[in-house]
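See structure below.
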Amino acid sequence: MNQIKYYFTTSHDGNLAYHVPDIKENVDKNREAVALLMEYKNEDLVYMNQVHGNNVQIVDINSPKLIENCDGLITKEKELPLMVMVADCIPILFFDEIQGVIAAVHAGRNSTFLKIAQITANKMINELGCNANNIKVIMGPSIHTCCYEVSDELVNIVKTSFGEKFCKGNNIDLHGINVKLLEEVGIRHIRISEICTKCSDEPFFSFRKNPQTGRFAGIIKLSIN
């Protein structure tokens, strides 16, 4: 059985993104501290220039550390940490302890509509030999239906593409849509954080609360036993 380590940072860990208003040295320091906490080398961390698409890349030790135009990372490489950065979008972590495969996915509204969770699962199954029954999924702190109000046009997209049950007035349930997409490929082990980044008092960045906010992260790695 492969050992998995994962962590969802909080705002106490500081901003981990270079693309928001912050000083590079601050981000470097924050990333170093998280690397120390998670017991990996900061220079090994693989992260993405996230674009709200559905490009999912399988990476290894020889891959660039910053993957351009990407919203999902998969690896079977030991001690290669993967990171997804968010501030309301859903950070989804996948792992198969039997095959030793992990993934980190950025599932905002657009990526969810583009079925990124299902694409990730299918790559794990079809390209890396995972069994859907063995894949476990964790959706980290993110904006929930209570606070996720969108336009009539987007509500209609959800109703047409996924079903009316994922809409409550103009509020949509991104978690429910992702669960549906994962269950369609046979994944049953799914945990969802109940923390809403917008309305809870928990220490997480929220773009809807403050568009100038930083980014927290979901980080996962396979450890050598």
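- Judged by distance alone, the side chain of Arg109 and the main-chain N or O of Ala107 form no donor-acceptor pair under 3.5 Å.
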Problem - Stepwise salt bridge (charged side-chain N to carboxylate O under 4.0 Å, His left out) check, Lys180 with Glu184 - result: CA-CA 6 Å; Lys180 169 188 164 70; Glu184 283 176 1; 3.4 Å; yes
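- Taking every heavy atom of both residues into account, Met48 and Cys70 meet most closely at CB-O, 3.5 Å.
- Listed for the Asn156 side chain is a donor-acceptor partner under 3.5 Å among the backbone atoms of Asp152.
- Note that CD of Gln50 is 7.0 Å distant from NE2 of His19, once rounded to the nearest 0.5 Å.
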Practice task
Quick one: do Asp88 and Ser206 satisfy side chain to side chain donor-acceptor pair (under 3.5 Å)? Show the steps, please.
Solution key: CA-CA 5 Å; Asp88 286 336; Ser206 168; 2.9 Å; yes
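- More than 12 heavy atoms of other residues, nucleotides or ligands sit less than 6.0 Å from atom NZ of Lys123.
- By the neighbour-count criterion of 12 heavy atoms within 6.0 Å, atom NZ of Lys65 is densely surrounded, having more than that number from other residues, nucleotides or ligands.
- One N or O on the side chain of His144 and one on the backbone of Ser193 form a donor-acceptor pair closer than 3.5 Å.
- Contact check for Phe207 versus Arg215: side-chain heavy atoms found under the 4.5 Å cut-off.
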Handout entry: side chain to side chain donor-acceptor pair (under 3.5 Å) assessment of Tyr148 paired with Arg208
Key = CA-CA 9 Å; Tyr148 199 41; Arg208 285 219 169 181; 4.5 Å; no
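- Looking at Ile98 and Asn131, their side chains never come closer than 4.5 Å, going by heavy atoms from C-beta outward.
- In this structure, Ile102 and Tyr6 have side chains that are not in contact, with every pair of non-hydrogen atoms separated by 4.5 Å or more.
- The backbone N or O of Gly14 sits nowhere less than 3.5 Å from a side-chain atom of Ser11 that would complete a donor-acceptor pair.
- The shortest distance between side-chain heavy atoms of Leu182 and Met139 falls below 4.5 Å.
- No hydrogens or angles considered: a donor-acceptor pair under 3.5 Å links the side chains of Asn178 and Thr112.
- Between Leu82 and Ala104, the closest heavy-atom pair is CB-CB, 4.0 Å.
- In plain terms, the two heavy atoms of Leu73 and Val59 that are nearest each other are CD2-CG1, 4.0 Å.
- Atom CE of residue Met124 and atom CD1 of residue Ile74 lie 6.5 Å apart, to the nearest 0.5 angstrom.
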Practice task
Verify side-chain contact (heavy atoms from CB on, under 4.5 Å) between Ile67 and Val46, making sure each step is shown before the conclusion.
Solution key: CA-CA 7 Å; Ile67 309 295; Val46 184; 3.9 Å; yes
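- The closest donor-acceptor contact from the side chain of Ser223 to the backbone of Ile4 lies at 3.5 Å or more, if one exists at all.
- Enclosure of atom CD in Glu194 is not indicated, since only 12 or fewer non-hydrogen atoms of other residues, nucleotides or ligands lie within 6.0 angstrom.
- Judged purely by distance below 3.5 Å, without hydrogens or angles, the side chains of Asn55 and Gln57 pair a donor atom with an acceptor atom.
- Shortest non-hydrogen contact noted between Phe166 and Phe162 is CE1-O, 3.3 Å.
- From Ile177, atom CD1 reaches atom NZ of Lys115 across 11.0 Å, with rounding to the nearest 0.5 Å.
- Between Ile135 and Cys130 there is a side-chain heavy-atom pair separated by less than 4.5 Å.
- With 3.5 Å as the limit, one finds a donor-acceptor pair spanning the side chains of Asp71 and His106.
- Hydrophobic clustering (ILVMFWY, side-chain heavy atoms < 4.5 Å, transitive): Val34 and Leu66 are in one cluster.
- Arg31 contributes a side-chain N or O that, together with a main-chain N or O of Leu16, makes up a donor-acceptor pair within less than 3.5 Å.
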Problem - Derivation and outcome, side chain to side chain donor-acceptor pair (under 3.5 Å), residues Glu68 and Asn49 - result: CA-CA 5 Å; Glu68 295 289 346; Asn49 173 16; 2.7 Å; yes
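- Between the side chains of Asn134 and Asp96, no donor N or O sits under 3.5 Å from an acceptor N or O.
- Screening Leu174, Ile143, Val105 for a side chain to side chain contact (heavy atoms under 4.5 Å, CB included) involving Ile90 leaves a single residue, Leu174.
- Ring pair Tyr47/Tyr18 is tilted by interplanar angle, where 30° to 60° counts as tilted.
- Between the SG atom in Cys146 and the CG atom in Asp173 there is a gap of 10.0 Å [rounded to 0.5 Å].
- The two residues Phe204 and Pro141 make their nearest non-hydrogen contact at CZ-CG, 3.5 Å.
- The neighbour count for Arg191 CZ, taken as heavy atoms of other residues, nucleotides or ligands under 6.0 Å away, does not exceed 12.
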Practice task
Before giving the answer on side-chain contact (heavy atoms from CB on, under 4.5 Å), spell out for Ile187 and Val179 the whole-Å C-alpha distance, their side-chain angles and the decisive distance to 0.1 Å.
Solution key: CA-CA 9 Å; Ile187 294 175; Val179 169; over 6 Å; no
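- By the 4.5 Å heavy-atom criterion applied to side chains, Thr10 and Phe216 are not counted as neighbours.
- Distance check: Arg188 CZ to Glu183 CD gives 5.0 Å after rounding to the nearest 0.5 Å.
- Using a distance-only test at 3.5 Å, with no hydrogens or angles considered, no donor-acceptor pair links the side chain of Glu149 to the main chain of Asn170.
- Here the side chain of Thr197 pairs no donor or acceptor atom with the backbone of Ala87 at under 3.5 angstrom.
- Hydrophobic clustering of Ile, Leu, Val, Met, Phe, Trp and Tyr side chains at less than 4.5 Å, counting indirect connections, unites Ile116 with Leu154.
- Under 4.0 Å is where a charged nitrogen must lie from a carboxylate oxygen, and between Glu39 and Lys5 at least one such pair does.
- In this structure, Ser142 and Pro91 have side chains that are in contact, with non-hydrogen atoms separated by less than 4.5 Å.
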Handout entry: Check against side-chain contact (heavy atoms from CB on, under 4.5 Å), Ser111 and Asn54
Key = CA-CA 6 Å; Ser111 297; Asn54 64 356; 5.7 Å; no
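- Grouping the Ile, Leu, Val, Met, Phe, Trp and Tyr side chains by contacts below 4.5 angstrom, directly or via other members, places Ile220 with Ile138.
- There is a path of hydrophobic side-chain contacts, each under 4.5 Å, that joins Val185 to Phe113.
- Interatomic distance, Lys136 NZ to Ile190 CD1, rounded to the nearest 0.5 Å: 13.0 Å.
- Placement of Phe95 and Leu80 within a single hydrophobic cluster is found when ILVMFWY residues are connected by side-chain heavy-atom separations under 4.5 Å, directly or transitively.
- Judged by distance alone, the side chain of Asp13 and the main-chain N or O of Thr9 form no donor-acceptor pair under 3.5 Å.
- No side-chain donor-acceptor contact under 3.5 Å links Asp60 to the backbone of Glu77.
- For the pair Ile92/Val137, a side-chain contact is recorded, criterion being any heavy-atom separation below 4.5 Å from C-beta on.
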